[in-house]
Structure formats: C-alpha cells, structure tokens
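Report on the structure given below.
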Amino acid sequence: MKKLILPFLFIITLGVKSQEISLLQFDGDSVSTFENGDDWSSPDKTNGINHLENLDRKQLARFIRKKGTTAKLIKKGDEYFEKMWYAEAARLYDIVLEKSEEEHTYKLLSRAGDSHYYSGNLEKSYTWYNELYERYPDEITEDRFFKYTHSLKGLGKYRRAAKLTKLFRQKREEPLNELEKTVPNTWKGAASVEIKNLSINSKYSDFAPMFHKDADVVFASARDTSFLTTRRYRWNNQPFLDLYVAKGNSEGTDFMGPKKFSKTINTKYHEASIAFSPDQKTVYYTRNNYGKKLKRGKNGINHLKIYVSKLINGEWTEGREVSFNSENYSTGHPAISSDGKKIYFVSDRPGGYGQTDIYVADILENNTFSQPTNLGRGINTQGKEMFPYVTEGTLYFSSDRAMGFGGLDIYKADFVDNLFSPAYNLGQPVNSNRDDFSYIIDATGEKGYFASNRKGGKGDDDIYSFAYVLNKNTIVGTVKDALTGKAISEASVALLNNEGGLVAETMTNADGNYNFKDLNTNTEYTIKTSRKGYFEDTTKAATKKNERIEVSQSLKQLKEIIDEEKSIVVLEPDAIHFNFDQYSIRPRAAKELDKLVAVLNEYKSMVIKIEAHTDAIGSSSYNKYLSDKRAQSTRDYIISQGIDPSRIESAIGYGEERLLNNCSDGVPCSRERHQQNRRSEFIIVRQ
C-alpha cells in the first residue's frame, strides 16, 4: 500500500516536523508531467536518474568515482526527499550506499530507509533501517524505530520485532503490557474464510471498494486510462487516483468493465474513499483541498477534505465541503451509518490520541453536521486508525497499533449500549504481514471486500473478495467408565494443539458427551480428559474438511490398581523396569509412576514403601547397591511430582534376595526371565 496509499491515508510522516510535511503535498513540480525525467547536473552532464539506470556496472562505478559525484547525488536525493518524491530519492540513495565509499551516516541511512518505506519496498527499507539500528542504536528516534519494526513484521520477522520493541521500551522505561505475545489476540468466528483476488485489479493501486446499487462496486484506482500522457504523482511515479465503478458479474463473485465513476467528481488530483447514503442519492468522498488551484493551510500544506455530492437527474453535482473540514488539518475516509444519521471519518486534527483518529458526527437537516466527537481510547491509539466502515452494531477499521500482523491490520469492535467493545484483530488470512485495509462487509455478514498489498497480487494494492464459509469442523466425544461402561458426567475435557497449547475446554454432560466446534481444517489435536477418581486419558484426533469427527474415551478408576488383599499398588509389571546395570527412570516407567502419583493424590492418607529388586547377574553386593539406587530414583521421581516425602515410609533395595523365579547365580536363563526380576514394588503401609 505504501507506494501510493501512504500519502493518501493520512499517514503523517514520522521523523519530519509536522509543519514541513503534508498528508498529501503538491506544488508545481509535483503535478508536472513525468515523461522527460529530471534535468539535473551531473559530472558527465547526463540526463538524470534514468540515465544512471542505463549504465552497466563498470560505467556506474566509473561515474561514482568522479570527484564530487556522490555529494551531488546525495544533494539531489535530499531535494527529492523534501518534495516527497520518495521513489526517485530511494534510487539515488541506493546508488550512494551500495556503489560508493561514502560514509553511511545517520541521516543518509534514515532517509534511504524512509524513502523505501513510503514507496512500499519493505525489503529495502528493512535493509537500511537495520543498518541504522545496528550503527546508531542510541540515536535512532522512536518514529524510525517504529517503521523499522513495521518493516520487520512486513517480512514475517514477528519475534525479532517483539524482542527489539521490548528492549527499546525497557531502555525508555515504558510499559510492556501489550508485548507479552508476538501475535495479536484475534477474533475467531464460526467460519473459515475464502479469499479471491478480483479481476478488476490493475498493475497500479486499487483500493477502497464500496457497495453501490444492487451489485456494483465503486473503488479508487491509479490506473492509467488517459489516451494522452498522464500526469504523475511524484511520491511514487503513479497516476493520480480517481474513482471507478464496476458491475458485478452474473454469479455475483467478481466485477467487470470498470469505468470512471463521474466526470464531475473526478478531478486532476486525488479522489478516493467514497461512502453513500442509504438511498444512494448522496455521496461523500475524500479529495485534495482544491478549487481553481490547490489550497494550502497556514503552514503551506495542502490538506485532504471530505466533499459531498447529490444525485440530481442522473448526474452528480459539483462536490461541496462538509462543515467540519479545515484548511489546517486533514479530514477524510467517510463512512455512513446504516440509518444514514451518522458520519464516521478520520482526521489528524488537534486533540486526538494518535497520528490519525476516527471521529463521528451527526448528519443533521439541511446538510449540516454536529460537532465531531472522537471515538475515544477504546478505538484510537497513539498510532494510525483509518478506513472506518460501519454496519448495524459493528465498526470495522484499520490500524497500525502495536503487535499486529504487519503494517495496517483490520479490526472490528461491536457497539453495545452506546459503547464500543474492545477491538479485535480479524486475524489471518484477512490480515497479512503487509497492509490490509478498506474492509467492507454486506448485510448478511457473510461476504465483502478489502484491499491489501500482500505478496502475490497483480499490482501495488489489490482488492480482494472474502466469503465466510460455515465451519463444520467438529470433534464430538463420549467418555465412559472402562470397567462398567457407564457414561461419566462432569469430566473435564481439554483440546490441545500440537504445541500443547490449550485451544478449548469443556465438561461432559449427563450422557458423558462433549463437543468442540469451529476447528481448523486438517489439523491434529490432543484431547486430554480427567475426572476425580479416574486416571487421566489423552487421545489424538485430527479434523478433515468440514466433517464431524467422533472420539470415544474410557477412563479407568484409580482404585482398580489397588490390591486390597495384598495391600499393594499394582502397576504395569513390564513398565517399572530398569535397563541392565542402570537406575534412571525411563519414559515408560515415568508414565506408569504417574498412575501411582494419581492414586496418592486421590487417597490423601495413603502411605507406601518402595522395594526395588534386581536380577542375579553380577555380584550380590553390587546388585544390592544398584537396587538401592533404583529405589531412591523411584522415590525421587514421585516426590518431584508433588508428593510429600513423609508419605513414602521407606525406599529399600533388596538386590537379588527376592527373585521371582529360579534365575539365581549359575542358572542359565533368558534375557526375558532375568528382566522379570528387575522391578519395583509399592507396598501400602496405611490407607
């Protein structure tokens, strides 16, 4: 998005004094044609940047080596940067940084990073911001650090972005609350999302779709539709934005035949971000502050304004300003409530919480408006909030707030009892590691459109359709008693992902049943079930594609492993064994000992003693030593699981004194028969 939308989206350039920067700044040079390039003096009197790009590596190296050349390149790059001709400035800074021996100063690296950031090249902006951070860690400003971390997230480097942000804030003793997670909390509906790139997209920037009539869509585009040479916006060398309308196809899945929306509304500068009244007879849109010529505020800046036009006799009238515009700050991105009584918009007016905030005003009679009200800290942050869209009871908007997936992410906030609920990130795949914005959704809440500059698109920004498909991925299960076959009610059932993280948790009903809905497709889960008086059980289950998966679990009662007659706890005889000549607890033995731990936790007054035994291989004195070690290892493991040491009366090794068979010294026996003698026994002293 940054190649064209950044200047239009009310993104106040960080790191540049506010009085020196426009949200959309133009002058005589900015609107001149671009067909001839730029005439600027160079040592060999060539014609500007285009000539440099035609030089091969050796020619460019010779050119750079000439005395004074790099200084002239930097000077010209700075001139472009000050005019916000970022695409051209970036090309010159790259030549200096990559091809010359010029010192990589703080200013040079900063401006190179900024130029690429604003023209949408996150890979190159990361290159120069990363070097800036490594060379000047104590000098980098907060705004450039912010853009650095955005570049990191844009390249999918979320963990590094989170780590560096934490270090940066710790150095400034700032709060770290929202940095505990590397990805944001996301809203999860009961549906999967299908996303499609629309056929109306061009190689330029296409964004800000809006529903029109029954099946049409109006959107902003920088596509070049002029027969003659098109005037270019020098921020990124793309044509200026106009509003286009496209008709929906017969299937309602795509659009065709885009054409300019209105000769009256479109001008030679930018128009975008349109909103209609419920009856489609009034339109609000964003445009440069422009009459017969560009108008500037007290600081020389050409700001953005919202204009309104009426449909009369099939034609749109000349746009007129809304009353809450200003010559001295920008206003734009209008959105109209479903009843047509409120207008939501974005502004960088004084008194906000961040760089751009979302406001609301009442639409009164006679085309007048109430005093705008800021939506407050629940919606607005210290960053940029923009592109509001409202439905019945819900606000959607884009924000670059901390720890999103990328640059701009799309959020939703419900409106209940005249208050907005906390905003939730819509998550992937709607959001990506790039810019995602201008989200609209139809009245059914099932489909809509948004714009993104994610990889794989056709141009700079593309418009995508989305459709929520009902998620039928469900795991249902029944829990029964392993001995009686009766249903177990009120059992705790946890659904875990592959990393062991908790996905969901529930309880079985009176019939022993449970279910987990809205799960991911083709995903393996672990189901952990527990109930007082029973051993815990874990079962694997994998979803398919929108199918119901059934799982059955049988839990064994803890008392099943207690032999009342012999006063012992009976564990799996082949599990509590040790490898030959060793006394460490094996994984299988640990799993079996966990059953003993469960019994001890259930029967709080139970006291046991541990007896360990070996086979007859080796000397009897060594075997006595080895069995003592095994008894102690068993005791230590049980205590490590939280059992009070006082509940283990003794842990004694008997060596080969109590063989279970006749495999004594001198008697030939198989490995299996010797293994039978390497065991641990658990005697119940008190219960």
- [ ] List the steps, then state whether ring pair (Phe, Tyr, Trp, His ring centres under 6.0 Å) holds for F516 with Y514.
- [x] CA-CA 7 Å; F516 294 107; Y514 64 87; 5.7 Å; yes
Open item on the list: Looking at R531 and E602, is there a salt bridge between them, counting it only when a charged N and a carboxylate O are closer than 4.0 Å?
Closed with: no
TODO: Could you name each residue pair satisfying disulfide bond (SG atoms under 2.5 Å apart) that touches residues 633-687, not counting sequence neighbours?
DONE: C663-C669
Open item on the list: Can you confirm whether or not the ring centre of Y439 sits under 6.0 Å from the ring centre of F437?
Closed with: no
Open item on the list: Taking the six-membered ring of Y625 as reference, does the cationic atom of R630 (NZ for Lys, CZ for Arg) lie under 6.0 Å from its centre and within 45° of its axis?
Closed with: no
Open item on the list: Salt bridge or not between E656 and K624? Use side-chain N to carboxylate O under 4.0 Å.
Closed with: no
Open item on the list: Salt bridge check, K472 against E547: does any charged N sit closer than 4.0 Å to a carboxylate O?
Closed with: no
- [ ] Salt-bridge test for E550 and R548: reply yes if a basic N is under 4.0 Å from a carboxylate O, no otherwise.
- [x] yes
TODO: Answer yes or no: is there a donor N or O on one side and an acceptor on the other, between the side chain of S627 and the main chain of G655, under 3.5 Å?
DONE: yes
Task: Geometric cation-pi criterion, R658 with Y654: 6.0 Å, 45° - done: yes
TODO: State yes or no: are the ring centers of F387 and F397 separated by less than 6.0 Å?
DONE: no
Task: Any side-chain donor near an acceptor of the partner, T127 and E123, under 3.5 Å - done: no
Atom pairs and distances, donor-acceptor, side-chain atoms in residues 639-646, under 3.5 Å, two or more places apart:
unit_1	atom_1	unit_2	atom_2	d
S640	OG	Y637	O	2.5
D644	OD1	S646	N	2.9
D644	OD1	S646	OG	2.9

Task: Sub-6.0 Å ring centroid separation between F466 and Y468 - done: yes
Open item on the list: Quick check for you: to the nearest 0.5 Å, what is the distance between Q553 atom CD and T529 atom OG1?
Closed with: 3.0 Å
Open item on the list: Enumerate the disulfide bond (SG atoms under 2.5 Å apart) contacts for residues 421-451, please, sequence neighbours excluded, ordered by first and then second residue.
Closed with: none
Task: Check ion pair K384-D400 (N to O, under 4.0 angstrom) - done: yes
TODO: Considering only NZ, NE, NH1 and NH2 on the basic side and carboxylate oxygens on the acidic side, decide whether K412 and D414 come within less than 4.0 Å.
DONE: yes
TODO: Using side chain to side chain donor-acceptor pair (under 3.5 Å) as the criterion, point out the one residue from D436, N197, D435 that pairs with R454.
DONE: D436
